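Encoded as structure tokens, the structure appears first; notes follow it.
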Amino acid sequence: MEVFYMYLPLFIALYIFTNHFLRKIRNLPPSPFPSLPVLGHLHLVKKPLHRGLAKISERYGHVLLLDFGSRPVLVVSSPSAAEECLHRNDIVFANRPDLLAGKYLGYNYTSLAWSPYGDHWRNLRKISSLEILSSHRLQMLHAIRVDEVKLLMRRLFSASQAKQSVDMKSMFFEMMLNVMMRMIAGKRYYGENVEEVEEAKRFREIVEETMKIGGASNMGDFLPIVRWLRLDKMDKKLRVLQKNRHQFMQELIKEFKTKRPELPNTETPETGEKKKTLIEVLLTLQEKEPEYYKDETIGSLMLVLLSAGTDTSMGTMEWALSLMINHPSTFKTAQEEIDKVVGTERLLDESDVANLPYLRCIINETLRMFPPGPLLVPHQSSEDCTVEGYRVPKNTMLLVNLWAIQNDPKLWEDPRKFKPERFEGVEGTKDGYKWMPFGTGRRGCPGENLAMRMVGFGLGSVIQCFDWERIGEEMIDLSEGPGLTMPKDKPLIANCRPRPEIVHLLSQI
Ligand code: HEM
């Protein structure tokens with residue numbers, strides 16, 4: 001035994017060096033030295049993950065193969081490498097890794113966001129695209145978004161009359177949740193005559209917890225020993241969270257099945273077409289194919305859309321308004337643009353956003369600096385492939401460091417400066433994978449159209465109707481908090497004053 005301990009350091013050193021040289025011989029992408037037994041490169045990776053990985057890439061290169069414990073992880077942080085993965089090798093990388101989050105929150109890898117590339121995923125994606133996220137559907141459900149933006153304006157107006165500061169994180173969240181819930185299940189949680197406060201609180205906690213622990217930074221995913229010894233309690237946390245999520249959705253489905261709420265204004269006047277919510281469509285499909293469209297499948301799809309749609313869009317509006325309050329001249333330019341295009345005799349409508357290029361530049365710049373998916377959602381290779389000449393083995397997890405690409409000083413002048421003007425004339429183009437906050441390719445975000453409409457509409461309206469001020473001398477704190485969707489560390493609390501020229505419109509809402 002003594003001899004074993006004597007030679008242990010030698011064995012470890014031998015393992016590390018052999019491993020390192022074998023990588024070169026096998027033409028694998030570069031990786032920092034050393035990769036330790038058991039830990040791999042985890043000792044080098046600091047949180048938040050996107051920043052920690054950006055530091056490593058700065059030093060070792062924009063295509064890296066890291067060992068997260070026992071799991072090989074390809075980290076790419078340049079537009080050309082991202083293009084190779086998400087365009088040239090799009091199908092190869094269209095899988096998701098088998099992380100704990102996908103096991104628990106993704107209904108054993110069967111939900112839209114976690115399911116492997118294949119027929120089941122294609123079907124879920126088709127249903128969500130056709131039945132809720134297509135331009136046609138979005139147009140049909142336009143009235144819901146108008147209602148909810150008006151409700152937000154009314155609430156802000158009342159708060160300003162009462163000289164109260166407003167918590168814009170909550171305000172935007174509540175608006176987004178109402179929009180999503182009404183489009184999905186014809187139900188709202190906030191507003192006058194709504195008695196669902198407890199349910200809304202429950203769902204908010206569910207979304208917050210999902211974004212906190214639902215990602216790719218759980219140690220148990222990489223170090224089996226952590227799971228076996230239950231050192232990070234992650235299995236338990238995820239199991240409890242999933243129980244709550246599942247229960248919430250099943251109650252919603254049950255309520256819908258027993259009451260089948262009559263939705264107001266369910267026909268489009270122009271076509272007479274019925275405005276079905278997603279849950280109605282899914283329950284109709286269930287009648288035809290009960291084996292496939294189980295309550296669990298229906299709940300899982302609604303959960304993915306609700307969680308993916310609410311936090312991301314809300315966060316973008318919150319960051320954008322925070323940035324503008326810190327940059328009053330940008331805010332003024334946006335307000336002047338709205339006054340010129342929309343005027344002060346009517347409220348801004350979603351359709352106006354197409355004619356407000358500066359507002360769109362502000363949104364693009366916010367998504368560049370604070371992308372809600374800084375590492376996208378992890379992908380995984382389904383077979384061997386090559387990236388920038390290196391061999392990437394099957395079952396390698398892929399992290400595209402979008403944050404690093406979108407904040408790279410070699411690609412962007414003064415990347416940490418808020419300069420919406422940089423998007424003038426080029427906005428809307430993907431510009432060679434330099435800017436892709438919604439990802440791209442087969443697994444790219446299916447909600448981009450809805451998100452851009454809602455963010456533009458919500459943000460444009462708060463700019464048109466109110467002037468904004470900080471609550472104290474200090475600038476709005478722009479620190480990032482922990483969590484999947486890059487939340488602000490501290491919620492945005494601010495004062496709003498209705499603009500005198502718009503008061504007549506606000507008092508009529
Ligand atoms: C500002 C708002 C949003 C941003 C920045 C955003 C961004 C993203 C990103 C980066 C991904 C991962 C892409 C990849 O893995 O390559 C994604 C996936 C996804 N997003 Fe969004 N998203 C937003 C809003 C929405 C909305 C409103 C919905 C729907 C209601 C939605 C539904 C989804 C779904 C279902 C996926 C998983 C797709 C799949 O795995 O096939 N997102 N989103």
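These numbers were taken from a predicted model, which means no experiment stands behind them. Counting starts at 1 for both ligands and their atoms, in listed order.
- Atom 40 (O) of ligand 1 has its nearest heavy-atom neighbour, among Arg442, Arg453, Arg96, in Arg96.
- Closest to atom 3 (C) of ligand 1 among all protein heavy atoms lies Phe438 CE2, 3.4 Å.
- Remark: side-chain polar atoms of Thr440 are not paired, donor with acceptor, to backbone N or O of Met436 under 3.5 angstrom.
- In this comparison of Arg125, His379, Arg122, the heavy atom closest to atom 16 (O) of ligand 1 sits on His379.
- Remark: ligand 1 atoms within the under-4.0 Å shell around heavy atoms of Val304 are 35 (C).
- Looking at Met397 and Phe222, their side chains come closer than 4.5 Å, going by heavy atoms from C-beta outward.
- Regarding atom 28 (C) of ligand 1, its nearest protein heavy-atom neighbour is Gly447 CA, 3.6 Å.
- Geometrically, ligand 1 and Trp121 share a nitrogen or oxygen pair separated by less than 3.5 Å.
- Distance alone, capped at 3.5 Å, is enough to place a donor-acceptor pair between the Arg137 side chain and the Glu131 backbone.
- Rounded to the nearest 0.5 Å, atoms CG (Leu105) and CG (Leu238) are 5.0 Å apart.
- Taking the six-membered ring where tryptophan is involved, the planes of Trp319 and Phe370 are essentially parallel, since the angle between them stays under 30° and well short of 60°.
- Both the backbone and the side chain of Ala308 come within 4.0 Å of ligand 1, counting heavy atoms alone.
- Looking only at heavy atoms of the protein, atom 13 (C) of ligand 1 is closest to Arg443 O, 3.3 Å.
- Note on ring orientation: taking the six-membered ring where Trp is involved, the planes of Tyr117 and Trp121 are tilted (angle from 30° to 60°).
- Of the protein's non-hydrogen atoms, the one nearest atom 19 (C) of ligand 1 is Pro446 CD, 3.7 Å.
- Distance from atom 24 (C) of ligand 1 to its nearest protein heavy atom, with residue and atom name: Thr312 OG1, 3.3 Å.
- Asn407 places no side-chain N or O within donor-acceptor distance of the main-chain N or O of Ala404, the cut-off being under 3.5 Å.
- Nearest-heavy-atom check against atom 2 (C) of ligand 1 across Ala451, Ser111, Gly309, Cys445 picks out Ala451.
- In terms of polar-atom proximity, Ser313 is not counted as a contact of ligand 1, lacking any N or O under 3.5 Å from an N or O of the ligand.
- For the pair Met302 and Met249, the minimum side-chain heavy-atom distance is below 4.5 Å.
- Within ligand 1, the atoms closer than 4.0 Å to a non-hydrogen atom of Leu305 are 30 (C), numbered from 1 in the order shown.
- Checked by distance only, ligand 1 and Thr440 stay at 3.5 Å or farther apart across all their nitrogen or oxygen atoms.
- Two residues are said to be in side-chain contact when any heavy atoms from C-beta on lie closer than 4.5 Å; Pro72 and Asn395 fail this criterion.
- No heavy atom of Val455 sits closer than 4.0 Å to any atom of ligand 1.
- Checked for salt-bridge contact, Lys394 and Asp384 miss the test: no charged N lies under 4.0 Å from a carboxylate O.
- Under the 4.0 angstrom criterion for non-hydrogen atoms, Met180 is in contact with ligand 1.
- The CG atom of Leu64 sits 9.0 Å away from atom NE2 of His62, with the distance rounded to the nearest 0.5 Å.
- No part of Glu448 comes within 4.0 Å of ligand 1, judged by heavy-atom distances.
- Residue Val400 does not touch ligand 1, judged by heavy-atom distances below 4.0 Å.
- Ligand 1 places these atoms under 4.0 Å from at least one heavy atom of Pro372: 5 (C).
- A donor-acceptor pair is defined here as one N or O able to donate and one able to accept, closer than 3.5 Å; no such pair exists between the side chain of Ser111 and the backbone of Tyr107.
- With sequence neighbours left out, the ring-ring contact (aromatic ring centres under 6.0 Å, His included) criterion links His87 to no other residue.
- The shortest N or O to N or O distance between Thr316 and ligand 1 is not under 3.5 Å.
- For ligand 1, the atoms lying closer than 4.0 Å to a non-hydrogen atom of Pro437 are 5 (C), 7 (C), 10 (C).
- Of the protein's non-hydrogen atoms, the one nearest atom 12 (C) of ligand 1 is Val377 CG2, 3.5 Å.
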